[in-house]
Structures are given as C-alpha cells and as structure tokens.
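Scroll down for the structure; my scribbles are underneath it.
Order of the sequence lines fixes the chain letters, A, B, ..., with proteins taken first and strands second; residue numbering starts at 1 for each chain. Owing to the predicted nature of the structure, the values given are computational and were not obtained by experimental measurement.
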Number of protein chains: 2
Amino acid sequence: MRKIVDIQKKLLPDLLVVMEKRYDILRWLYLSGTIGRRTLATNLNMTERVLRSELEVLRAQGLLDTAAAGMTLSESGRQLVEEMEPIVKEMFGLSDLEETVRSAFGLKRVIIVPGDSDTSDHFKMELGRAGSRVLRDILSPGDVVAVMGGSTMARMAAQFAIPSQLKDNWFVPARGGLGESVDYQANTIASELAKRTGARYRMLHVPDHLSEEAYQTIMQEPNVREVVDMIRSARIVVHGIGDAETMARRRKLVDETKAELVKDGALAEAFGYYFDRNGKVVHRMATAGLRLEDIEAAGMVIGIAGGRSKGEAIASVMRFGHDDILVTDEAAAIEALRHV
Amino acid sequence: MRKIVDIQKKLLPDLLVVMEKRYDILRWLYLSGTIGRRTLATNLNMTERVLRSELEVLRAQGLLDTAAAGMTLSESGRQLVEEMEPIVKEMFGLSDLEETVRSAFGLKRVIIVPGDSDTSDHFKMELGRAGSRVLRDILSPGDVVAVMGGSTMARMAAQFAIPSQLKDNWFVPARGGLGESVDYQANTIASELAKRTGARYRMLHVPDHLSEEAYQTIMQEPNVREVVDMIRSARIVVHGIGDAETMARRRKLVDETKAELVKDGALAEAFGYYFDRNGKVVHRMATAGLRLEDIEAAGMVIGIAGGRSKGEAIASVMRFGHDDILVTDEAAAIEALRHV
DNA sequence: ATATGGCGGGACAATTAATGTCCACCTATC
DNA sequence: GATAGGTGGACATTAATTGTCCCGCCATAT
C-alpha cells in the first residue's frame, strides 16, 4: 500500500492537496452529523464557494446527502471515511510529526520524509528530493542562494528539478574550499544547481580556513571581494548538518583543536561552526564565506539532514535558532525530539 | 491495494483522468526513449500546450530530463513507470474489456464494473451506481427519459446523485404496471429518479398487458394519451435485461404462452419483449408503453444488467442491436463475449 | 562545412474555469 | 409566526488554461 501512495505522491503532487481537502470535508461531516455550508466553511477555513464546488463533487459521488436542514454523510460516505483513515495516515501521517518538530524548535516550516537515511541510500535520495522541492518553492526571482557543501547538499543539487528556467537567480558557495572530495564542495554544488536551472553562479576559490593575515590579503583581491559580498548578501542559505567529531576529522583539524572542541562540548557542525547541546557556538574562526552575522541576517535559512545518528546534532543546530526551515527524515525527527 | 484504488475512484473521480494522462505520457516516453514535445503531442492526441503543462509537472517531480535533442525519462521516471504497471491495470484494467465488448456488439459505449452481481449485493450496488453515473453524464436539459422496471433499475435510481438540480427534465415509465413488487415498478423508479433530481415525472396507470380492445379504449383517455405520447418521444431509454424464463414467470404468463416462448427459443427479455439467441424478437404484444419502433427511434438506449447468469441474455439483447450503451459487470461481460 | 528539421522555451491573446458575494426562498425550531 | 440557519441560483470579477507563433539551438544528414 505504501508503494501506491508513494507513486501518487510522485505522479500527482498537485492533486494530493485536493484529496486532503475532500477528506477533511468528509471527516468534519462525519463528526458533525448535520451541518450547513457556511458553518462548515468557517470551520474548515475555506471560502463558501470553494467548499461548495467540492461538495458538488462529493454529492455527485453519492457520498453526502443534502436536505433543507443541512448536509449529512450518506451511508457510503460514512463507510469511505472509515476506510480512509489508515490511508490518510499513510499519506499525511508525517504532518503531525512535522508540526510537533516545528513548534518544538520554533521553526517556520518542517518537512519530514519517511524512513531513516542511515539505513539506505534510497532514503537519502528522498531527503535530497524533498530539500530541492523546498528550495524550489521558496525561490523568488532575483534571490541569491548560498549553499554549503556535504553529501546531503550534493544529493539535493542532483535532484533539483524545476518546471521552467530561472533567469535572474544566483547560486554561490557559502564557504571556501575544504579538503574533501570535489563532489561535495560548496563550489561544485552551487555550479550544479545553476546548471540545472539556467541560473548563474560564482565560485569562491579560497580555502575555508585562513590565517588572519592571509584573510586580509586575499580579501584585497577585487574578484574575491565581489563574490564574498554577494555571498554575504544571500537571501537564502541552505546547509547540511553534521556531527562535530566527523566534521572535525574531515576538516583535518589539528589534535589540539579537536581536544578543545571536545572540552567545550561540541556536538554538531553547520555553516562551518561548531555547536554544543544548547545550540551555543563553541568554535568560530575567520572565514571568507558566510559569517554568523550573515546567517542571522539571511531571510531564509534551510537546514537539510537526516538519519537517526544525526538527530542530536540536528536538535543542537536548531536550538541555535537561526534556521527557518528544516528538512529531515522520520528517524532523525524522532531522535531530535528526544533532545529538545 | 484494491481498496485504496476504489477509494480514490470515489473520492477523486475527476483526478483519475489526470493520472491516466500523466501515465500515458510517461509510458510513451518510456517506450520512445528520446522524443520531442510536438511529436509526443501528436501521438498522444493532445494539444501541444496541454502536454506542456503536464510535462512541467513531471519535470518538476524529476521524472523526466530535458535536453536539446528531446525529452527522456529520468531514472526515477523509468522506475515509476515500471512500478505503476500493476496499479494502472487495477485502476483502468477493465477498459480493455470494455473496448472488446463495445466492438463485439457494435455499441457506442460500454461500462464495466468489477465483480459478479450474482455473488454479492455489493456488486449490484456498484452496478447501479455505474448506471446512474452514465445516465447523469448523458442527460441534457430538456431530455425525456423513459425507464423500465426491475431490481437493477431500482438500484440505479436509488444511487442516482447529481451535483445540481435538473429543472426541465422528465422521467417517465417506459411501460405500464406489472404484477410485481411496487419497488420494482417502472412508475416507482421514474418517480424516485425525479424526486432525487428535482425533475418532473408522469405516471402510466395502465396494466402492461392489454387486449386489443382494452388498449383501444384506454388510449381514448386524454391523460393516458398524453403520457403515452411523452413516453414514445423519449430521447433516452434505460432498461434492465432478464432471462426469458424468469421474466415469463414473473409476468405470470399462461403456460401456453410460455411453451410457445420455449419453442421459439426465447432466451432474453428486455423492454417487455422476448429475444432469441440471435437477437430476434420472438414475442411481441400490444402495449401502451414503448413499442419496438420507439426504441429504434430513441436517441440513446442504455441497458443495465450484471451477473454471470445474465451473460447470455445480455449478448442476445445486444445482438438485437438497438442499444447504444451497456452497463454491466466483469462476470457478465466475459460470459456475454462467449455468446457473440 | 553547411544546410535543415526538429528540439525546448518564451510570449501572449483568447478563452474557459474558479471564485467571492448576494439574494431568494425554504424549513425546522422556539 | 417569527427567526435563525439552511440550500440553490445568479453573476461580475479574477485567475488559470489553452491554442498558437516564433526564436535560437543543436544533431544529423548532406
């Protein structure tokens, strides 16, 4: 059954909202017994006319009976509601979890995909797809998007698909180069996104970690300066979330710094910063890329991460409090809630 | 899985066509490899713009990739098509059978519901619902509808549901009263339909079987005459189909007539007439209701009958050749095809 | 090397559908 | 018999869909 639901989600994403709308109507009728059109419209937060069109469909299907005193579910309508319960749960079941997570961390929006990214690549792909959909939906003409690196971000970029070309958007890497695989570089991801959408991109050919001296020198370069200015003015920031230890290893931090991080209780990494369990930044450094103040100033910060093992790190970064949207999976969401 | 499909058919009847459309597109792409928009539009019999809107959705879902040489299914699109095969079969699987029956009997349209009416009342209900839907769809303002009696017709009437009131339609009984339960009288059914739709109706208070003498007398009555004229001018005729023996018993025909029917090879009954295996009328009589010539002249004749046991009778009446639409069930359809 | 046919994507007027809003009239209930 | 709340009809306004053309691009055949 799950399969058919998944297929429909892919094939008819625009129609799922209709389904939900109709189900809501039936469900309300199921609970209210007889009720009038206007009352129903108020309760369901619809305008009268829209509700009416839906009611006409439902009536034509013989799911509801109309009398002068109001409308009632017909026998087959009642039956349908009862049979639908588990299916709706399957289809929209994560919405409850989404709402719980959203309010727990005070976010604007939470998207949860089914599964656990730790267990299968399939779920990682789905996470990427979900992330790309979110980004697509909030993208407005003229937006500059700063993207971080990482495998999740790379998958997001690979799954990005839009109905029509973007013309006046920019994708920029949020930070400089890291000693990692080229596929996971922020630079690579920015260019991939731009290529897939017809948007433009800039690259930041600068190492992420700089001495203060080198930083000052390189910022003198006009073309670096220009890109950095654009990065810092990004309206949208998209980033992954890692656990501190893994990231420290990947970044090839010296043992000394690692020990310091452990001492400070660093748990999570995001935007190149390390966070402790309370979402406090425990390690920061000079960077040519996005600084914390730019993140705070950005209009829309989107975090993407999944897998049970990342739950705690996600909770930590969310407590930092500057994310607007979180895209995660079921397992990570549940785990994150344990660390609120 | 069948359940979820059934539910969707009830809840989202208008959206199934969209689903089919999108599946067709994907399937064609699947088979063609790379293909252009215009070529695709021609093949699928869609206009370019409509196809394009759908393609945009599919592309946004990451189901297809676009290049300068044309469009191709993406990996996940390919996967989707393969996974959908059985589901589509489930959803639209009877369409093939419908087409086979349609062309076998030279009908305008055939609707087949799943199941076998002989085995469960549930399927009889579904048959009625399907019939009522067909009638609703072909009903135009001003139409006069002549309905026959019978249990199938009664169920059809009971399931009739429309989005908005009919104002200038008439429902009339196709024939006079039979010695049967009042619920199954044509009169009852016509009035039920009218009540459910806000349309008007007339009754024919005349026994179905009349001596020539009585016939002449009663037709002198102006109000009978008026109703009969309306009946005979009906644009739409809806009728059930029975097997000859059962109907002869119900009609309380004298043994002599029964024997004659057997001798003539009467197999099926419809519109009050008896048909042999070749669809030839083997028994006719004076009636105040619809005569054969009226049926031949009617714009739209709809037959509704289901159940394996009725298969042969259905085939016989269809060979008579004046039906336009047949509404039946899976079992009856298969059986009917064996007697083409 | 070059011509050409078919490609996707952009644009836009015309048409069709959806929507908000009012009102007439009906029916239970107090 | 008044009243509140119901349905169904009507319609101007707004939004979406649709048919149609055209442009520049690329792959292929010449």
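Looking at residues 18-33 of chain A, you'll see that no heavy atom sits under 4.0 Å from any atom of DNA chain C. Applying a 4.0 Å cut-off to non-hydrogen atoms, the residues of residues 44-54 of chain A that approach DNA chain D are A:Arg49, A:Arg52, listed by residue number.
B:Gln61 is listed as a side-chain neighbour of A:Arg133, based on a closest heavy-atom distance under 4.5 Å. B:Arg109 is listed as a side-chain neighbour of B:Ile111, based on a closest heavy-atom distance under 4.5 Å. Looking at heavy atoms from C-beta onward, B:Pro173 lies out of side-chain contact with B:Gln185 at the 4.5 angstrom threshold. Using a 4.5 Å cut-off on side-chain heavy atoms (C-beta onward), A:Thr72 and A:Leu29 make no contact.
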Could you walk me through whether A:Thr42 and A:Arg38 pass the side chain to side chain donor-acceptor pair (under 3.5 Å) test, one step at a time?
CA-CA 6 Å; A:Thr42 314; A:Arg38 271 178 287 267; over 6 Å; no
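Protein chain A touches strand DNA chain D; the 5'-most and 3'-most nucleotides with an atom under 4.0 angstrom of its non-hydrogen atoms are D:dG6 to D:dA10.
Whole-Å rounding puts the B:Leu64 CG to C:dG8 C1' distance at 12 Å. Separating the CZ atom of A:Arg37 from the P atom of C:dC25 is a distance of 17 Å, rounded to the nearest angstrom. Atom P of nucleotide C:dG8 and atom CZ of A:Arg196 are separated by 17 Å, given to the nearest angstrom.
Inspection of the A:Ser74 and A:Arg78 side chains reveals no N or O donor paired with an N or O acceptor under 3.5 Å. Donor-acceptor pairing under 3.5 Å is lacking for the side chains of A:Glu192 and A:Tyr201.
Within the 4.0 angstrom heavy-atom criterion, only backbone atoms of the sugar-phosphate kind lie near A:Thr39; the bases stay farther away. Among the protein residues, B:Ile35 comes within range of the sugar-phosphate backbone only, with heavy atoms under 4.0 Å from sugar or phosphate atoms but none that close to a base.
The backbone N or O of A:Ser140 sits less than 3.5 Å from a side-chain atom of A:Asp143, completing a donor-acceptor pair. No donor-acceptor pair under 3.5 Å is formed between the side chain of A:Arg235 and the backbone N or O of A:Gly299.
Smallest separation of non-hydrogen atoms from A:Tyr30 and A:Glu82: OH-OE2, 2.7 Å.
In summary, B:Arg102 and B:Glu99 engage in a salt bridge, as defined by a charged side-chain N under 4.0 Å from a carboxylate O.
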